[in-house]
Amino acid sequence: MTENDTRGRPAPSTGPGAEPGHTSRTGTRSNLTTARSSTRLRGGDGPRALRATGAVDALALVVMLGAAVVGFGPAWGSTAYLVPALGGLVLGLGVAWLGAWRRWGTVTVTAVAMVTYLVLGGPFALPGTTLAGVLPTVDTLRGLLLGAITGWKEIVTSVPPLQSFPELAVVPFLLLFLSALVAGTLAWRVRAGQWALLPVVVAFAGVILLGTLVPASPLVQGLVLVVVGLLWGSWRATEARLGERQVLTAASVVATRRLRWHRARGGAAMLALGAVAAVLLVPVVTPDTERMVLREQIVPPLDLHEYVSPLVSFRKYAKEMTDDELFTVDGLPAGARVRLATLDTYNGVVYDVSSGAGSGVFTRAGDQIATVAQGSPTDLTVTIGDYRGVWLPDVGALAGIRYTGERGEALSTTTYYNSETGTGVVTAGLRPGDTFRLDAIVAPTPSVEDLESSHVLDAKLPAPRNVPDSVGGKAAQFMAEETDPLVQLKNLETGLEASGIFSSGLETQLPSRPGHSAERIDTLLAADEMIGDDEQFAVALALMAQSAGIPARVVMGFYPDPEAWEAGTPFVATGADVHAWVEVPFAGYGWVPIDAIPEEDNKIEPEPKSDQVPKPPVLEDPEPPEEPADAEAGTVDDEEKEDDAESNAFDWGRAALVAVAVTVPLLVLALPLLLVLLLKSRRRKRRRSADRPVDRISGGWREVLDAATDLGAPVPAGATRRESAGTLAEAFPVAAAPTVTLARSADATVFGTGDPSPQQVDAFWSEVDSVLVGMRSTRPRGQRVRAAVSLRSLRGARPAWVPSWVPALRRPARPSARTVTRPPTGSGPKPGES
């Protein structure tokens, strides 16, 4: 502080023997103390959290963070997110308020926050895992710990609405809890309280990134953040500037209140005008672009390469499982097809499922799935029989899936769905006895007349690779000179149906090789008689269509024979019902199925046996070995043996996951403490190795003062070293004599002639260490630990590595009464100087 009064004139002298125009240090402190006590406003005593201004801070934070909470609405699909989000907001502010009221240190606030999260997080975020909806259980603690680590990934890789995944409520609870805790701590414990807006902005950004492309109320949210944030921030900034003044008279208090009112009223008017202008001008001057959300940028960690394309098992179903009841679909509409997988990428070996650009992404699916598909809502029930695999039998576009069997919980957490292709994957695998219900949107198949009045759309699909040359030649032959994509597609379909011979290699049919590799398709198209089944003809049609620039993809699935199945009865899918077809996008209808199965007249019947001339035994050519994927299911015995072996082995993966879930939060929470210790160590080293030897002596004394501040016995600002030593002697009686001796030694060295030698500096710092040991020995162990990580001694000054535009945490550095300009050699301090 300066020694002048508020008018800039020297304060009157109060000390005896003082020179005119000067004042003693003791008299100045007395005058300032008296002025402060006489002008202090009512309610100004005690922590800010207990004052009326603290209530204003709380109201502003609740309004701004409450506006951020609304952003979770579109992603959740209901109001179920409000309980965990608002609960985290209230608990975070509550912990911050307690810390400000009781003046807890960083360690205590962190510990209380962790206990609050684990004890009270269950009733708000995971009530289904608690006892009586209140008491946490082991499942509650595990869900809170794992949710704090993996919940951020799962919330952006799950299909909205997220109300289907109750465990994801940990994310809004934790986000608002941490934001409110940091914002409240800054607002109630830091002079420049406007820095509390930073965690509020982080909360807004987090809600946007974790949301969907469809915003909640962006205009209202933005206006609340801007208007309330600017008004409250400017009010706190004005309050901080007024707090730096030394003396406030009664008149200045009244003038200050009027100034605040005029500024608030003028600021509100300007913000209102700005809001109206923003509403009118923003849609005009900004482009119509989608917001950036993480769920549209992050590809879920589902590695499709682990799962073999179901099309390689087509011949196994058609030839070996013709009578096996694979699954039963109850409620299948007439003309609908059961999709097993949509295949859109070809590499010359297999037609496979992909994800990414043009193919959609696989995200976790629950009992509600957001969809824009048009059609009739249909409720289906699927019961798995002899089918085994990861590919989910579904119909149309799914709006939800609910498992009802014994493995329902395990299957619901491992189901992924691609809304673009209509393909579902169950990573846990479907087994006999599994049941689930599908909420499907089924659109009627357009007729030929409907397609003729439409046109083929352009769609981005992965380009096929290693396609044989015969595909382009055969396509040109079938399409002739036609240029209309619809006519070209019709000619390709007709050409394959008319010139192909249907055969799945059964005993009653001609020999037919399985597979759809480039060599198999080249053999099919180059032969005079094209012999194959749905597998080969669907792949050939898709490749020929793509060679002509028509987007096409292959679908494998099941549908009943309309002549043998009656609509309204359950559809029991067997291997004889397996099919493959092509899908092409049409305007107004989406992806439409196109069949390329040879006509019934082209199917070869076996020749009748002759009883007159017996045939000699003929060695039939052995069929080529099945693709490796045909044995993907393996035998039941082998699977049971593997399951038994895995169950008996120690689950190292789960153990590692639990270890990470426990250690990572502890490390994250310990990081601020380690940073404080590092700053203090660096500060001591900088003082110990200062360029000037006299600064090393001053730095040693400041090390003692900072240690006293951390131990809860701060020295008044502006006191001399000897005055400070007297204060420390009262607070630390054991170290009284060494402290006074150290202060006298520091004064003698600082005000003496010449620079101290390195030996004197080392001896002085040895005395400093002895004094520090004595001071700390007077305090309990717990207080010594808290002092080691306390921020009290770091609040007054800005570290050297911090940019100059960053303000100090609480107040400017105390006036340095211990660092003075050395007088010329041979002259001592003037009377009255220290």
Side-chain angles (χ1 to χ4, degrees), residues 58-59 61-98 112-152 154-156 158-184 199-200 202-204 206-212 214-217 220-221 224 295 364 366-368 370 400 409 412-413:
L59 179 61
L61 294 178
V62 168
V63 172
M64 289 186 290
L65 291 175
V69 169
V70 179
F72 280 114
W76 234 262
S78 68
T79 58
Y81 69 94
L82 290 177
V83 173
L86 296 180
L89 170 60
V90 173
L91 291 179
L93 289 178
V95 174
W97 186 86
L98 287 176
V112 172
M114 290 184 60
V115 173
T116 302
Y117 174 70
L118 295 177
V119 174
L120 299 181
F124 289 101
L126 301 173
T129 63
T130 58
L131 293 178
V134 177
L135 298 179
T137 62
V138 176
D139 293 336
T140 304
L141 299 179
R142 182 172 62 249
L144 291 174
L145 292 175
L146 291 178
I149 300 174
T150 63
W152 314 96
E154 294 177 356
I155 199 173
V156 297
S158 300
V159 179
L162 300 178
Q163 62 176 341
S164 304
F165 313 102
E167 70 277 6
L168 296 182
V170 174
V171 174
F173 174 81
L174 182 58
L175 177 62
L176 270 298
F177 179 75
L178 294 178
S179 302
L181 174 61
V182 177
V200 174
V202 172
F204 265 88
V207 173
I208 292 175
L209 293 176
L210 298 177
T212 60
V214 180
S217 299
V220 176
Q221 289 179 288
V224 170
R295 70 180 62 255
R364 283 186 59 195
D367 55 6
Q368 292 189 19
E409 183 176 356
S412 61
T413 58

Side chains of [X] and [Y]: does their closest heavy-atom pair fall under 4.5 Å?
| X | Y | value |
| --- | --- | --- |
| Phe177 | Leu89 | no |
| Val207 | Val69 | no |
| Thr129 | Leu126 | yes |
| Leu91 | Leu120 | yes |
| Phe204 | Leu65 | no |
| Leu145 | Leu118 | yes |
| Phe173 | Leu168 | no |

Closest approach of Gly88 to Ala180 (non-hydrogen atoms, all atoms of both residues): O-CB, 4.5 Å

Heavy-atom pair of closest approach, residues Met64 and Val200: CB-CG1, 3.8 Å

Would the distance check show the side chain of [X] and the main-chain N or O of [Y] forming a donor-acceptor pair, the cut-off being under 3.5 Å?
| X | Y | value |
| --- | --- | --- |
| Tyr81 | Gly71 | no |
| Ser179 | Leu176 | no |
| Gln368 | Gly400 | no |
| Thr130 | Pro123 | no |

Non-neighbouring partners of Asp367 that pass salt bridge (Lys or Arg N to Asp or Glu O under 4.0 Å), sequence neighbours left out: none

Spacing of Ile155 atom CD1 and Leu209 atom CG [to the nearest 0.5 Å]: 11.5 Å

All side chain to side chain donor-acceptor pair (under 3.5 Å) counterparts of Glu154, not counting sequence neighbours: none

